[in-house]
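Working notes, beginning with the structure itself.
Residue numbers run from 1 in the order of the sequence given. Here the structure is a predicted model, which is why all the values come from computation and not from measurement.
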Amino acid sequence: MEVELYLKKKKERKVPVRLKIIDDARRKNAANQLDKRTRPTPPSLALSLSIYLYLFAGDITQKGYEKKRSKLIRAYVPHAGGNLAASDRLPRAQLGPAPLYLYLNGPMSHRAPLGPPSAARFHRRRTSGTRDERYRSDVHTEAVQAVLARHVERKVAVPMPSKRRSLVVQTSMDAYTPPDSSSGSEEEAGPGDDMSGMEHWMSRPSQLGPAHLGSTSSSSSSTQSGGSGNAGRLADSLAHTHISHLNHSTPPDVMGYSSDSSHSHTERHHMANMGTIARNTQKYGNAERMETGDGVPVSSRVSAKIQQLVNTLKQPRRPPLREFFVDDFDELLEVQQPDPNQPRPEGAEMMPVRGEALGVVTNWPPSLEAALQRWGTISPKAPCLTSLDTAGKPLYVLTYGKLWSRSIKLAYNILHKLGSKQEPMVRPGDRVALVFPNNDPVAFMVAFYGCLLAEVVPVPIEVPLSRKDAGSQQIGFLLGSCGVTVALTSDACHKGLPKSATGEIPQFKGWPKLLWFVTESKHLSKPPRDWFPHIKDANNDTAYIEVSAQPVRTAVTVNNLRLSSSSLSAAETIVNVLDFKKDVGLWHGILTTKGLRAEVICPCASSPEALTVAIRRPVEDSSQPPGRGVLSMQGLSYGVVRVDTEERLSVLTVQDVGTVTPGGLVCVVKPEGVPQLCQTDEIGELCVCSVATGTSYYGLTGMTKNTFEVYPVSSSGGLISEYAFVRTGLLGFIGPGGLVFITGKMDGLIMVSGRRHNADDIVATALAVEPMKFVYRGRIAVFSVTVLRDERIVVVAEQRPDSTEEDSFQWMSRVLQAIDSIHGVGVFCLALVPANTLPKTPLGGIHLSEIKQLYLEGGLHPCNVLMCPHTCVTNLPKPRQKQPEIGPASVMVGNLVSGKRIAQASGRDLGQTDDNDQVTNFLFLSEVLQWRAQTTPDHVLYTLLSSRGAVSSSLTCLQLHKRAERVAALLMERGGLQEGDHVALVYPPGIDLIAAFYGCLYAGCVPITVRPPHPQNISTTLPTVKMIVEVSHSACVMTTAVICKLLRSKEAMATVDIRNWPPVLDTDDLPKKKPPALYKPTNPDGLAYLDFSVSTTGMLAGVQMSHNAVGAFCRSVKLQCELYPSREVAICLDPYCGLGFVLWCLCSVYSGHQSILIPPVELESNPALWLLAVSQLRVRDTFCSYSVMELCTKGLGLQTEALKARGLDLSRVRACVVVAEERPRMSLTHSFSKLFKDLGLHPRSVSTAFGCRVNLAICLQGTSGPDPTTVYVDMRALRHDRVRLVERGSPHSLPLMESGKILPGVRIIIANPETKGPLGDSHLGEIWVHSAHNGSGYYSGYGEEVLQSDHFNSRLSFGDTQTVWARTGYLGFLRRTELTDANGERHDALFVVGALEEAMELRGMRYHPIDIETSVIRAHKSIMECAVFPWTNLLVVVVELEGSEQEALDLVPMVTKAVLEEHYLIVGVVVVTDIGVIPINSRGEKQRMHLRDGFLQDQLDPIYVAYNM
């Protein structure tokens, strides 16, 4: 309950003070229903009380307030043009709500939302005491509106986020109940009221016609009601305005790595032509597109929003950072330099201020118990407390005699009726909880004094309404730490508590087991006549324990000292509308015996630790105004008092809270560090030294010492007093005449970039921006979070259910502008949550600490979020400015001088082969197959497994040879193909593909393996097949009968025109006769096959593989893996490109080993197929992809025990190699090893292989040699292309695993991708490879292969300039380890960092997407997968949501913060999508450029798109 101090004085009657308690629902009638025996109320005070009681009824708009105020003032105005009398004139500030409440009540709060009906029986929802109507001020509102009016001319367009329509519907007004249905008044402004200022132009319709509107509505950001399409029209109008700029201003190229910009642009152009069809036929659907300058198709709507964001960011809100080159590896955050013009304290050092001396009264009671005994025996019929009903009539009068007798009775029962005589439950000194509702002050007062008489320590707490109340667990922890086992309550409260099915009160979460004891007299035993409580004098024992407020709940103990107040006589009445269970309500309502005069409304300053610090004393001259100061808000942010004028917008008007409490000594000390005295014009924390303060935090010795045992020192270092002071938690200063001014609280202090901001002031500014139409006045929280080593402001408010998305977003934009202009600080996050969703305190207010915890955990579930990291994060590391490149010769000399070797390594010599190996005598793979068919015709080369693990088919050497002959006959007879013709092989993974491949070699044709279209997704997969067929210039297509039928289906015909295809041959019906003669190739450098695949950047490329390269490749793999005819190898890979195709089709024929083929698609129905086959067939070597490993890890994570029971044993596996073209995924491989370790899998057996387009296999771990090496590098150094090893667990450390042993016959060197010069071990550079099995070049069929010749035929610009190298396009480094190879030399490990084409150049540094994605996935538990890519210097993050759509907006702050903290990058756009939206190829690699195209074409159908400002 809130406090209202109102005095009524009686003449010369020595009776105790009469206390009236007014309940919330009875406030309206309280002013007229006061005791008629008192003298009349002065008009000024009556007017103030009337206005206050009306306004306190609940939420009210500005217009409603003005009408009510004019109606009330009309009675005091003589005529329309007259003025108030001089004696009754109120100050201008008093007519406004905020200063009026400051006079009356000090801190107060809003009307709380309606609670459950069961709880309303005994618990009246009221205010919380922390967020109240003092935020309401006409002066402040006018200042905010004036600030917003200044932005009308600027008209800065803010891109509005996009939200899926289903999410908008779920957050509509039908889904929620407003917190207070009676919060608005009947005079409240209706929806038809005009809006002025900033809102007018931001919400007016666009002048564009329908032709300019977007055509896609799947990700519409608004509903259909109430003009909610304004932001979309505004975005489209901006798109129309900037479209010419988009066409001529291409985004920066962050993909190319060629030193010749024109050359790289041409190369990308031709490669993009090859991949156009694939990008245009993604599964996202169709949308209208436009072309930017570099030919990338984009969507006008999405691009317009991105351009909006870019244009907004081009207007810096802070001075730009100076750029410089960081030569070392330490990226220092920008240190906020002190402003040389900032105000500094100039006054002298303050002196402690002493309050009025306490008078010595001879007949004063020595303690509270003695005072109660005196008044209970001398004046037993004098009224002590009167409780009023809803009509303002006395409901119950508690006399001092009744209070005395009932307290004695309760004290006796507490000590003697709980437990047994031998083992009582409560002893003197024990703690007892008091649980009473707000509408029963009589029972609480009796219980409180009953505990004092029983010499037990009362602990007042709020009534728990449910088992999940916000803060309930913290209360339970405190009750447990205080050793509370008994809870006193009233009969009505006991009946209203939650009950279990058995009728018992359940144990609340975190609470100790309590005995609930009802304190009504009918439930108590009468004490014996000879029993009398012990009345003790004042001492240092604990009197009661009060639960302090947020953010950390602690128990404040108060000693049983003599209690005193102002020196006024008795026979007076206190009207208390504060919560009588804590703070000032308990102090001045239950404990004091004196009151204040009725002529003045007297605010006071108090805190749970120091109790009453200062109070405004009565004055003889009632017309004398209180102390008042207009302070500069900028000066306050620097902790300095500077007087300003009201004409300025950024000012704060404060009034004094009186003088220091009698008997107290107050000083102001610096808030941080040593408690040194402040200067007279400096803001600090008030400390008080008095006998009437709290004494400690119960059970918290350290916090007690820092708060209750403070010894302030002067500037010279000497103590100002030998007595300890108590920190009050109040910020302020002491003005002229010893008046105390309070400017804020420590728990609401936010320190941003060295400046202090008060949370209450920010709340007031936010609420001054027309809050009533969009948010609830009292349901707003402001707190700070630490991001990038500085505090960032977060504002969370409850949105009204009837407000539209667009209106709420425009209000949020105006709030940001107002806070930035008035307070000079940016807001990091502004979030709106649905009504009635913020955690509540038992009194109905918001629970700030739990709201902050929910925000940090990502559990707020907001319905609107606006992030502003670009505005408020000003301490980013300085961007790197690239200096002119040092020449390659200088780099090489520098490495030699510094003792660093050139980063180059090689595998063992390929010529070291077994003399008995007759395969080396053959130059062509077709000859090897013919030789094996003659020498070992019955040797099984291939075994294909079905989804159940059974052998579906197999091929011996002879069977494969004969089948290949029949395929060759088919090509020659039916196809009519000639030597060198290209043939597309469109087969599912299996035996047919292998036979068709060797049939092409027998016929002299060039095979191209192509993945067949998916029957359930033919519209997006068939165009890729057609594109490969066309680009490769295939003369015919060979496939099975099933796929032939699929290609001729209606769905296929609707997708592509099958009539333009080359002839399609069905190999299920092969001719039985042999071809006339098998083709015998003569040129080893001739083309053997084409390897077509789509890279991670989305480009389709065909690599030419010669017969020499095929033979060298197979020979290298054979030596590395020690493959012989007696060996068995399990292969679970896609057989269409890269190393997967070589292992599936080529290696078995060359080495003679048996390949057990397991199609990865079969694992979708049986995830254990691969591992069971490896176990049952006792395979020692197996190959898989990351997608297969991930499928087994997720699908078999809970089945290890069942698999072990089925006999799964992986102990024989010596090499489990993951084939990929990317950086090794350490987390996945470690998870896989750890998961199946109990099944016998040795961790060292899991390794990786690395290949790329120019060389399909560069590294492969193999069966012998050292274990894979893992190093930890500094991630910050990698951004500067430097390699610095650090210890495990070091800050910014990145673990990297070796990509496998370098294959025999392979040489590697690390080169600068721009200067083409060799680099040292300490540098990150491009991996160049020289090998006999390098590709011969790209094949496009249009005579443009020469454009990519630099990839396959590059030479160093310095050093060994004769060797021809192939550029892999991947960045990495070499590190010589302490391990030794099989030949006894030190092992050189290759570490792949990432693709050069995917690396992002941001802020002058190089970032790799996988590093940022790893941080994003760790940011929130609901993020399933993510991908990042740059666009127009903005970082775009796409996350897949694993959960309900209500959690989508939780991810935006978490993702933004994670990337800021770990990578010092600001996320420009956050896109939240469904699972499966991020495209992934067959190797499990993300297709980020496909994703970028889908986003820009508005084809993702996102749940939410946030544009960070």
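Listed by first and then second residue, the salt bridge (Lys or Arg N to Asp or Glu O under 4.0 Å) pairs that reach into residues 1453-1470 are Arg1418-Glu1462, sequence neighbours excluded.
A distance of 4.5 Å separates CG in Leu1396 from CG in Leu1371, rounded to the nearest 0.5 Å.
Looking at Tyr1504 and Ser162, their side chains never come closer than 4.5 Å, going by heavy atoms from C-beta outward. Considering only heavy atoms from C-beta on, Val1471 stays 4.5 Å or farther from Val1439 through its side chain. Considering only heavy atoms from C-beta on, Ile793 comes within 4.5 Å of Val782 through its side chain. Side-chain contact check for Leu1324 versus Arg1282: every heavy-atom pair is 4.5 Å or farther apart.
For Glu1425, the salt bridge (Lys or Arg N to Asp or Glu O under 4.0 Å) partners at least two apart in sequence or on another chain are Lys1486.
When the options Met1405, Arg1279, His1292, Arg1403 are evaluated for a side-chain contact (heavy atoms from CB on, under 4.5 Å) with His1463, the one that passes is Arg1279. Between Phe783 and the options Ile750, Ile762, Leu848, a side-chain contact (heavy atoms from CB on, under 4.5 Å) holds for only Leu848.
Using a cut-off of 4.0 Å between Lys/Arg side-chain N and Asp/Glu carboxylate O, Asp1411 and Arg1223 are scored as salt-bridged.
The backbone N or O of Arg1225 lies less than 3.5 Å from a partner atom in the side chain of Tyr1186, making a donor-acceptor pair. Without hydrogens or angle criteria, Glu1447 side chain to Ser1422 main chain gives no donor-acceptor distance under 3.5 Å. At distances below 3.5 Å, not a single donor-acceptor pair connects side-chain atoms of Thr1456 with backbone N or O atoms of Pro1453. Looking at Asp790, its side chain does come within 3.5 Å of a backbone N or O of Ser753 through a donor-acceptor pair. A side-chain donor-acceptor contact under 3.5 Å links Ser1231 to the backbone of Ser1227. Using modelled atom types, no side-chain atom of Ser808 and backbone atom of Glu805 make a donor-acceptor pair closer than 3.5 Å. In this structure, Gln342 contributes its side chain and Tyr638 its backbone to no donor-acceptor pair below 3.5 Å. The backbone N or O of Pro839 sits nowhere less than 3.5 Å from a side-chain atom of His847 that would complete a donor-acceptor pair. Formation of a donor-acceptor pair under 3.5 Å by the Asn1508 side chain with backbone atoms of Pro869 is not found in this model.
Counting heavy atoms of neighbouring residues, nucleotides and ligands inside a 6.0 Å radius, atom CD of Glu672 exceeds 12 of them.
Figure legend: Arg1288 and Tyr1272 shown without cation-pi pairing, the cationic atom not lying both under 6.0 angstrom from the six-membered ring centre and within 45 degrees of its axis.
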